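Encoded as structure tokens, the structure appears first; notes follow it.
The shown structure was predicted, so the numbers you read here are calculated from the model rather than taken from an experiment. Start at 1 with the first residue, then count along the sequence. Note that ligands are numbered from 1 as they come in the structure, with each ligand's atoms numbered from 1 the same way.
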Amino acid sequence: MEVYLASPWIPREWVEVHGLVPRGLFCAPVLGTLTPRMAEGICSFAQQSLELARRYCDRGDAVVFVSSCDQMRRGFDLVGEQETSNAFLFNLPATWQSDAAWRLFRLEFERFTRFLERIGGHRQADESVAIIIDTALGARAKLRSSWNKLRARGFAECIARLHWDGCTIVESVSDVNGDAGVPVAVVGGPLTPAQWGILDAIESAGGRVVLNATETGERSLGLEMPRPGRIAGSIDSLARFFFSRIIDVWQRPNTRLYDWVRERIEERNVRGIVLWHHVGCDLWRAEAASLREAFGLPILTLDSEQAYSDHPRLMHRIAAFMEILR
Ligand code: SF4
């Protein structure tokens, strides 16, 4: 059975450990090309996720939503209202520094495990679990270290493949000219395959996307393992690792997000930030002022209505932004 995960923070490795096939719904190749049938008031990404989730549930697969925002919760309510659907809501704690937050995550992790068992999953032997976890960690580490070896679209494709079918397809040959272009960060919500034209448009206008901090970009690979060595030894330490690798805007305080972005902005000499958000996503839209204040860099805000690289207004705005950064 395939299990479609609506967020990168749901541990796909844990699904695999149970003999099921994890798929990152947020990286589905068709995402961004659907015509949603949803009501107003739900962001364009949640609408498309819901549309896909309905299709997958109808054919007997499972879907997992997260409680990170009202829109995702609403998506789950609409899919889960059919009693026969294999839908699950993973409640992710909004805070992350307290013991209470960790205990909530731990309980949810157990509930998630029971859900996987209910839909037919069986946890594999300890040795197999260790291999799956170590392989996944290795794949993420390999991708993280490839940010400067590929053009922005190529890097986004590799990350999407990892979330979609677990493949790591980074080529050993670099396809990017290291110092060409003005270094830019793209920060924000999910940038779906149909919207990768934004990355091309930035590069065509003389920019170089050195940081893809969208929910489907480098950020979705999560924090690295806190210490070297195997962590598959106990379920508790695994759960703690899955909890600790979340980096997102809905977390309070959201210092983990800002620290992660800051480290890379400084390391990669970023000169400007493109803030990407879906229409209807107040969480990311509201970050413009905080990002400006935190990093003191020029910000260009783009939304999913302007997401097509041949959109004249989009091209014009990106070109004008690059002029400012030169
Ligand atoms: S894009 Fe924003 S509103 Fe939409 S699901 Fe993600 S966090 Fe929620």
Atoms of ligand 1, numbered as shown, that sit under 4.0 Å from any heavy atom of Gln71: 3 (S)
Heteroatom N/O/S of Cys281 within less than 2.8 Å of atom 8 (Fe) of ligand 1: no
Carboxylate-amine/guanidinium proximity below 4.0 Å for Glu13 and Arg245: yes
Transitive ILVMFWY side-chain link Tyr258 to Leu275, under 4.5 Å: yes
Row check, Trp96 ring normal vs Arg252 NZ/CZ: under 6.0 Å, within 45°: no
Which residue and heavy atom of the protein sit nearest atom 4 (Fe) of ligand 1, plus the separation: Cys43 SG, 2.3 Å
Residue, atom name and distance, where the atom is the protein heavy atom closest to atom 6 (Fe) of ligand 1: Phe45 CD2, 4.1 Å
Pairwise side-chain contact, Arg111 with Phe90, heavy-atom cut-off 4.5 Å (strictly under): no
Residue, atom name and distance, where the atom is the protein heavy atom closest to atom 8 (Fe) of ligand 1: Cys69 SG, 2.3 Å
Electrostatic pair Asp248-Arg219, nearest N-O below 4.0 angstrom: yes
